[in-house]
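Have a look at the structure below before the remarks.
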Amino acid sequence: MALEVGKICKLDEVVINRIAAGEVVQRPCNAIKELVENSIDAGSDSITVSVDDGGLKMLQITDTGHGIRKEDLGIVCERFTTSKLKTFSDLRSISTHGFRGEALASISHVSFVTIQTKTAFDKCAWVGHYRDGKLHPKKPGASAEPKPCAGNTGTTITAEDLFYNMGTRKRAMNGRDEFNKVAHVITCYAIHNTGTAFSLKKSGDNMPKIRTTSKATKIDTISNLYGPSLGKELLEFSCDDKNFGFKSSGYLTNANYSGKSFRFILFINNRLVESSAAKKAFEAVYASVLPKNSYPFVYLSIDIDPQNIDVNVHPTKNEVHFLHEDEIIAGIQAKAQQSLYQCSTSRNYYTQARLPGFDMAAAVEEVKGKKKVPEGSESSRVYDHQLVRTDCNQTKLDLFIANQANKISEKTKSESSAASSSALFSTVDTEKPGPSNMSKEIKLSHPANKSNSSSSSENKENINTINVEEYVPKEAPKSGNPTHRRPIYLTSVLNLQEDICKARHEGAVDLMREHKFVGIANTQYALAQVRTKLYLFDFGKLSEALFYQKVIFDFQNFDIFNFSEAAPIHDLVMIALDDESSSWNPDHGPKEELATFATELLLSKREMLDDYFSIVITKEGSLSGLPILVEQYYPLLHQIPMFLLRLATEVDWESEKGCFQSVAREIARLYTMKPIERENEDGATQSAQKDPTDPNVPDWKFTVEHILFPQLKSFFVPDLSVTSSGAVLQVADLHDLYKVFERC
């Protein structure tokens, strides 16, 4: 039996239009994209989008463009009706978003469309209802012609019950997912068209989900839409090539940012498109910069000669083809890679004062070991994640550094300890401001007690190791060594000591007492371990707080180191005023007068400064000695001029307590640990490191580890501000790290 040959017949126009509409409008976001592009072509400076159920029940777009003429409302929803194209040759130079005249026609074949529009020349707005590309009466029996109504200049297009005649497609869509796709389209166009304000909200909501302003920059808009953490890591780049006839610009994130997914926004001739080749090119750029499963953000806009691009290759205009595609993408890739690598020589790591869930009270219990477990029980077993560092002589971080020339032998360490007093003063960079008449050789004298000049070195050691708790004033001030120390009876000083003791925090104190030094991280931080937690200690901030307490508790009981030749205060203050950090300007008066004023003021206070703080000033107005706060630790010479200037201008000389407190803070500021920086042959600054062959170079790492940190451990009385101010940062917890590794 012969098979019957099928008869070819012409499809009905309604079927043709619905098939075409299904290709152009595949999802609600495609309809939104077409309508947004039409609004931008109309010169709108504000576009508002409202959707219900992700656009399936209703989507509406309102713009402030030039509107549609009343005479064109009859054919506006028919296929291939447009004001942007007349002949096929116009496609070669098309510069608008739309050109085929299929957007409104396709939407009207899969939904119920209402258009309200008004031009600047119309006295009122006009509204029409459409179905299957033609005007349709709102109610049966009524006229289908557009009707006048009240409205503003611009156009409002509403599409209801999208895909009402495509049940299978509609059932396959989810309102939440469709809304996210619509939001992505609005986000992309808001970033690209910064001169237009965009707004997106769900129907019935008072507040929009997306809102941008027409005056915001691209970086402001990206920060608004994706968050400030992304916005502050953006890099701008651009690439032009006349040979291939293109210009490009964009923004990409640096190596400090990593997202959960690759956000790639590409516009070619102002059209939102996709390009797998361009996306792979940027993925290759970041492959060597970001760790695995970390992704960047890239916004790229390319302008190509319209004659070199074919925009009519995809029903939804989601793709375009253009000449020299490989060469253009390669050029943009190289430029983006160059911009990224130039700023990726270093990375920023954002720390926090304590990890989420950090409980200081629980930390105190842990450090004090109050939760004891009977020996021999099953729970007394120590697991790997509970192992702690118990010996400070164990291997430190320095042994893992490749440059072994920085390692110091035990013999060198002992020599450094003995010579550190002269080294810190004898190796001052000649380019730094400092008094010319200060000798490099400093003669030190150590009167342990001003009331008994024959005190021995044993007496000095006792001064530096006094238990802080013994300073708490009760009925009378107490001292660790009452025989040689001058007792303190000044109420203002006793109150300052009491303020320090009352502000102490047990958890922070135990943190200092129990820490184990791990190593130097950089010129600002050192690593220390407490139980199973790893911390960064800002030794600059901690040393300033330490030395302030030293001045308050060792009040009028300091040793003195004397200069081999006294330095005139007037000259030192002049040096400080010449420094930019002094913030001097002509409104403050002549420098000479300020220097004279500072010298006379300090001369009038010389007896008090000498008696209470061991700041020795001669009758001629020269500085000849400073206090020793910690054995074998001395300030840097180039900081003394600024110290004297601040001592004259920043101290509260009116009240007794305020005077002592502000002088103590200025002394602490002078003695704050700041590693010396020198200039290398290339002119770049680098921290001075200890060279075993050069005894004149101070080993600041040795000072931090063997002088400063022991003082922090035995003397310092911290309060809770050490964590809130960032002086102590918890960076890792062994127990939490084991949880991370278990998931890997």
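The structure presented is a predicted model; accordingly, all values stated were derived computationally and were not measured. We count residues from 1, following the sequence as given.
To the nearest 0.5 Å, atom SG of residue Cys188 and atom CZ of residue Phe198 are 10.5 Å apart. The distance from the NE2 atom of His136 to the NE2 atom of His129 is 11.0 Å, given to the nearest 0.5 Å. One finds the NE2 atom of His184 at 10.5 Å from the CD1 atom of Ile210 (value rounded to the nearest 0.5 Å). Interatomic distance, CD of Gln337 versus OG of Ser288, reported as 6.5 Å (0.5 Å rounding). Residue Arg211 holds its CZ atom at 9.0 Å from OG1 of Thr48, rounded to the nearest 0.5 Å. Separation of atoms CD1 (Ile40) and CG (Asn193) is listed at 4.0 Å; rounding is to 0.5 Å.
Of the possible polar contacts, one joining the Asn165 side chain to the His109 backbone as a donor-acceptor pair under 3.5 Å is found. The backbone N or O of Thr217 lies less than 3.5 Å from no partner atom in the side chain of Thr194, so there is not a single donor-acceptor pair. The main-chain N or O of Cys239 is found under 3.5 Å from a side-chain atom of Ser248 such that the two form a donor-acceptor pair.
A heavy-atom distance below 4.5 Å is not found between the side chains of Leu252 and Pro296. Counting heavy atoms from C-beta outward, Asn269 and Ile304 have side chains that approach closer than 4.5 Å. Residues Glu236 and Ser339 form no side-chain contact, since every pair of their non-hydrogen atoms from C-beta on lies 4.5 Å or further apart. With contacts defined as side-chain heavy-atom distances shorter than 4.5 Å, the pair Val113/Thr158 does not qualify. Pro28 has its side chain out of reach of Phe179: every pair of non-hydrogen atoms, C-beta onward, lies at least 4.5 Å apart. Residues Leu35 and Leu59 are in side-chain contact: their nearest non-hydrogen atoms beyond the backbone lie under 4.5 Å apart. Side-chain atoms of Ser275 and Glu325, non-hydrogen and from C-beta on, do get closer than 4.5 Å to each other. Counting heavy atoms from C-beta outward, Ser203 and Lys57 have side chains that stay 4.5 Å or more apart.
Contact detail for Ala150 and Ala125: the closest heavy-atom pair is C-CB, 4.1 Å. The heavy-atom pair separating Ala183 from Leu200 by the smallest distance is CA-CD2, 3.6 Å. Ser44 and Asp63 make their closest contact through OG-CB, 3.1 Å (heavy atoms, listed as atom of the first residue, atom of the second, distance). When every heavy atom of Val298 is checked against every heavy atom of Phe262, the shortest pair comes out as CG2-CE1, 3.8 Å. The two atoms that bring Leu272 and Lys33 nearest to each other are O-CE, 3.5 Å, heavy atoms only. The shortest heavy-atom contact between Ala281 and Ile329 is CB-CG2, 3.7 Å.
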Discussion item. What verdict does the side chain to side chain contact (heavy atoms under 4.5 Å, CB included) test give for Cys77 and Ile115, after you've listed the backbone C-alpha separation in whole Å, the side-chain angles of each residue and the deciding distance to 0.1 Å?
Written reply: CA-CA 10 Å; Cys77 285; Ile115 299 178; 4.0 Å; yes
Worksheet entry | Derivation of the ring-ring contact (aromatic ring centres under 6.0 Å, His included) call for Tyr295 and Tyr286 | CA-CA 8 Å; Tyr295 303 95; Tyr286 281 93; over 10 Å; no
Discussion item. Does Ile61 form a side chain to side chain contact (heavy atoms under 4.5 Å, CB included) with Asn38? I'd like the steps, not just the answer.
Written reply: CA-CA 10 Å; Ile61 180 168; Asn38 285 343; over 6 Å; no
Item to complete: Please lay out, stage by stage, how Val110 and Met166 fare under the test side chain to side chain contact (heavy atoms under 4.5 Å, CB included).
Response: CA-CA 8 Å; Val110 294; Met166 297 181 177; 3.7 Å; yes
Discussion item. Does Met207 form a side chain to side chain contact (heavy atoms under 4.5 Å, CB included) with Lys201? I'd like the steps, not just the answer.
Written reply: CA-CA 7 Å; Met207 296 298 295; Lys201 69 175 185 177; over 6 Å; no
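Lys279 NZ: 12 or fewer foreign heavy atoms inside a 6.0 Å radius. The environment of Lys147 atom NZ is dense: over 12 non-hydrogen atoms of other residues, nucleotides or ligands sit within 6.0 angstrom. Heavy atoms of other residues, nucleotides or ligands lying less than 6.0 angstrom from NZ of Lys181 number more than 12.
Pairs passing the ring-ring contact (aromatic ring centres under 6.0 Å, His included) check and including a residue from residues 202-251, sequence neighbours excluded, read Tyr226-Phe297, Phe244-His324.
In terms of the side-chain hydrogen bond (donor to acceptor under 3.5 Å, both in side chains) criterion, Asn180 has no residue partners (sequence neighbours excluded). When the salt bridge (Lys or Arg N to Asp or Glu O under 4.0 Å) test is applied to Glu178, the partners found at least two apart in sequence or on another chain are Arg27. By the salt bridge (Lys or Arg N to Asp or Glu O under 4.0 Å) test, Lys170 is found to be paired with Asp161, residues two or more places apart in sequence or in another chain being considered. Here Asp177 pairs with nothing under the side-chain hydrogen bond (donor to acceptor under 3.5 Å, both in side chains) rule; sequence neighbours left out. Residues satisfying the salt bridge (Lys or Arg N to Asp or Glu O under 4.0 Å) test with Asp240, not counting sequence neighbours, are none.
Thr119 and Asp122 are linked by a side-chain donor-acceptor pair at a separation below 3.5 angstrom, with hydrogens and angles left out of the test.
Cation-pi contact between Lys218 and Tyr299: absent, since separation from the ring centre below 6.0 Å together with deviation from the ring axis within 45° is not met.
Remark: aromatic rings of Phe264 and Phe282 are close, center separation under 6.0 Å.
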